[in-house]
Amino acid sequence: MSLREKLLELRVGDPTNSHLDDPQLWSYIDTIQHAGAGIAPKVLDASRKRGDTGPLNKRIAERCELARASVQLSTATMMMSVMPEWIFGGGPAPLLNPPIVNGMVHCLDTVDKIVRTDYPRRKGELDQLPHLLIRIRHLLRVCYDFRVANRNHPDLQFCDWPKLHDVGFSLHRVGLCLQLDPSRLWAAMDAGGEELEAFLLDDELDLGEFRKASIEIEKLVAADVEADSEDRLNATAAHNMASLDLAASSVAWFFGDISVAFIMHARTDNNRDRRWATKAMARLVAWPTSKTIRETLGDSLTDSMRPIYWSKPLLIKFSHAGGLAALFGDWTNSNCRQLCEDALENMPDEVWENQTPASLLAITRELQKKLEEESMDRSVTYILTNAFFNIYRQYGLAPFKQASRHEKQHTPMTFYYFAHRIKQDGLEMRTREDWYRLFVDYSKMPRRMHMRYQWGNTPLARRWEYLESYGCCADDCPERHELLRLRAGRIRGVRDEAVEARLDEWGAKPKACAACGDVAYCSSSCQRAHWAKHKPDCLKKRKTGSRS
């Protein structure tokens with residue numbers, strides 16, 4: 001479904017979306033989509049460039065092409081958002097020539113010269129890296145505390161940079177230089193000592209207080225069985241505030257590049273190398289498989305992780321450490337979708353070994369996100385079939401049952417359906433072809449059956465909120481009318497187990513129309529009462545042979 005079709009769907013029956021009738025808005029949307037369509041092929045082409053031949057600077061430049069194309073694409077699509085203009089703009093301090101000593105531009109230039117452009121003449125200054133990198137992180141925090149919370153700090157006068165992505169690009173080039181020339185990485189680690197190791201591999205990612213507060217609010221809402229629309233709106237508002245804080249995302253390329261470097265070049269006979277590689281692997285597994293950190297770092301982290309996806313030995317090692325969900329997540333939602341799809345189509349079954357319940361849950365969550373997409377072409381179906389086959393072959397039904405408990409009102413009920421069918425019908429599921437056939441059966445399941453499964457996975461508050469949408473399609477269903485009356489008298493925090501049981505029973509009872517599957521009823525009397533209204537659509541579907 002196109003963006004235009006999705007917006008028009010929002011318009012139907014909702015007077016609050018009347019602004020979608022404005023022809024100027026559609027002209028604006030078409031302009032933005034055209035701009036994005038022109039940049040997207042550049043992103044795809046750049047994502048496949050490995051920078052593995054030629055002089056060092058050429059290799060670095062080639063690997064940076066994806067970052068530059070991604071920023072162009074983000075700039076085009078950001079025009080559609082409500083983000084403030086400063087979100088990707090320059091720093092609050094003026095740019096001077098020469099730059100402010102100890103300011104952002106000065107620190108970035110110094111790091112670049114020591115590591116990249118003036119190495120090895122300035123190799124003796126590598127011991128300055130910890131101080132300079134910590135200073136850069138500090139200035140980013142000062143800037144975003146000011147911009148998001150209007151919090152003043154004396155060091156705002158040092159926050160000078162042309163555009164925010166210039167900070168990321170500069171650090172990206174340095175990180176790639178250390179990755180592509182490991183001798184410089186080892187020299188930097190020797191010179192920087194414990195302080196540099198702590199900064200690169202031990203310090204927590206600077207998510208900022210706004211994002212931490214947002215995480216806590218989301219947890220509270222998720223744990224509250226009576227959370228309502230207002231609670232979710234408050235959580236959304238906190239999330240939107242947190243999304244303005246780009247301090248962490250500005251250094252995502254650098255940390256990703258360095259972490260990958262430690263894994264790529266670890267010398268097996270060196271205890272320090274093994275320690276660094278272990279820490280780096282833990283970060284690269286945890287960051288992209290964390291919903292919060294993945295949203296914070298975005299495609300920059302995916303960009304940095306491409307060397308792992310290119311290499312089967314590295315991908316196997318990464319998967320066995322618990323990182324396979326990251327590849328599925330990047331396939332679902334990143335600028336490197338095609339690259340990730342190539343990796344998934346060609347990865348060996350060995351990657352599925354040594355998975356834990358936690359890693360399998362992370363994988364199934366990413367698969368759920370992919371299943372929410374409306375288009376399932378041949379390559380997508382192959383990858384999904386292969387994934388389900390391997391999960392079941394090695395770990396049985398347990399991961400499917402676990403995943404089904406996390407399926408929500410707005411998600412497909414795929415894992416619930418598969419676990420139910422396999423157990424109920426005694427399916428053996430020995431081959432990939434068996435799984436493909438089950439996927440086909442699932443795709444033909446009537447819409448009302450989906451809704452029945454969704455009702456059972458919906459929290460209590462949402463069952464009351466969506467009372468009109470589930471249960472029974474008869475306009476005059478007496479039980480729905482009675483439940484609506486009871487809903488009007490509910491008091492938050494006061495539980496009535498008998499009424500809740502009545503609601504559950506009614507929501508789980510309806511069966512879909514056997515002919516079309518498009519409607520469902522809680523009783524035969526409701527079905528008879530609704531037949532006159534439903535008959536024309538039902539007969540039409542019978543003639544065409546189509547089912548929802």
Side-chain angles (χ1 to χ4, degrees), residues 1 324-325 328-329 331-333 337 341 344-345 352 360-458 466 469-471 473 507-521 538 541-542 544-548:
M1 184 182 294
L324 186 55
F328 280 103
W331 175 49
T332 301
N333 182 30
R337 289 189 179 198
E341 187 169 300
L344 287 166
E345 284 186 324
W352 292 99
L360 287 168
L361 179 58
I363 292 168
T364 53
R365 281 176 171 169
E366 297 301 338
L367 289 171
Q368 284 170 331
K369 294 176 187 177
K370 191 66 179 180
L371 287 161
E372 288 181 46
E373 295 184 0
E374 296 183 15
S375 59
M376 290 290 171
D377 59 29
R378 184 174 179 179
S379 59
V380 171
T381 303
Y382 168 79
I383 293 170
L384 291 172
T385 299
N386 189 58
F388 280 68
F389 164 76
N390 275 291
I391 293 172
Y392 183 72
R393 178 174 64 91
Q394 299 209 39
Y395 307 102
L397 267 185
F400 294 84
K401 293 178 179 178
Q402 183 186 40
S404 69
R405 291 194 288 270
H406 294 271
E407 290 175 327
K408 305 297 182 184
Q409 178 259 338
H410 62 279
T411 65
M413 296 290 108
T414 316
F415 288 92
Y416 177 89
Y417 174 81
F418 285 173
H420 179 78
R421 280 288 311 276
I422 292 170
K423 183 177 180 179
Q424 191 79 9
D425 298 347
L427 304 179
E428 295 186 350
M429 309 306 292
R430 293 178 177 176
T431 67
R432 289 174 173 83
E433 289 71 25
D434 293 334
W435 280 99
Y436 176 77
R437 284 192 292 271
L438 195 56
F439 262 106
V440 172
D441 290 347
Y442 173 78
S443 68
K444 294 179 179 179
M445 185 170 59
R447 181 172 63 89
R448 279 288 161 179
M449 291 302 295
H450 276 282
M451 295 181 71
R452 181 174 173 180
Y453 292 144
Q454 288 168 340
W455 175 268
N457 283 280
T458 300
Y466 291 93
S469 304
Y470 291 91
C473 291
K509 187 186 298 182
K511 293 184 178 180
C513 172
C516 68
D518 195 42
V519 293
Y521 305 98
C538 190
K541 288 181 179 292
R542 290 187 202 183
T544 59
S546 62
R547 289 169 66 93
S548 297

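Keep in mind that the numbers below use all heavy atoms, side chains included, and drop hydrogens, waters and symmetry copies.
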Quick one: pull up CZ in Phe389 and CH2 in Trp352 and give me the separation to the nearest 0.5 Å.
-> 11.5 Å
Nearest heavy-atom contact between Glu366 and Gly329 is OE1-CA, 3.2 Å
Any donor-acceptor N/O pair, Gln368 side chain to Met413 backbone, under 3.5 Å = no
Between Arg430 and Asp434, is the closest basic N to carboxylate O distance under 4.0 Å?
-> no
Side-chain heavy-atom pair Ile422, Glu428 within 4.5 angstrom cut-off = no
Arg393 CZ to Met429 CE distance, which is reported to the nearest 0.5 Å | 13.5 Å
Are the charged groups of Glu372 and Lys369 less than 4.0 angstrom apart, N to O?
-> no
Tyr436 OH: over 12 foreign heavy atoms closer than 6.0 Å | no
OH-OG distance between Tyr416 and Ser404, expressed to the nearest 0.5 angstrom = 8.0 Å
Can you name the closest pair of heavy atoms from Thr364 and Pro399 and give their distance?
-> CG2-O, 4.4 Å
Establish, yes or no, whether a centroid distance under 6.0 Å links the rings of Phe400 and Trp435.
-> yes
Nearest-0.5 Å distance that lies between atom OG1 in Thr381 and atom CZ in Phe439 = 7.5 Å
Taking the six-membered ring where the residue is Trp, are the ring centres of Phe418 and Tyr392 under 6.0 Å apart?
-> no
Value for CZ (Arg437) from OG1 (Thr385), rounded to nearest 0.5 Å, stands at 11.0 Å
Could you go step by step and tell me if Glu341 and Trp331 meet the side chain to side chain donor-acceptor pair (under 3.5 Å) rule?
-> CA-CA 6 Å; Glu341 187 169 300; Trp331 175 49; 3.2 Å; yes
Side chain to side chain, Phe388 and Leu438, heavy atoms closer than 4.5 Å = no
Just wondering, do Arg432 and Asn390 contact through their side chains at under 4.5 Å, heavy atoms?
-> yes
Nearest 0.5 Å, what's the CG-CG distance between Leu344 and Leu384?
-> 9.5 Å
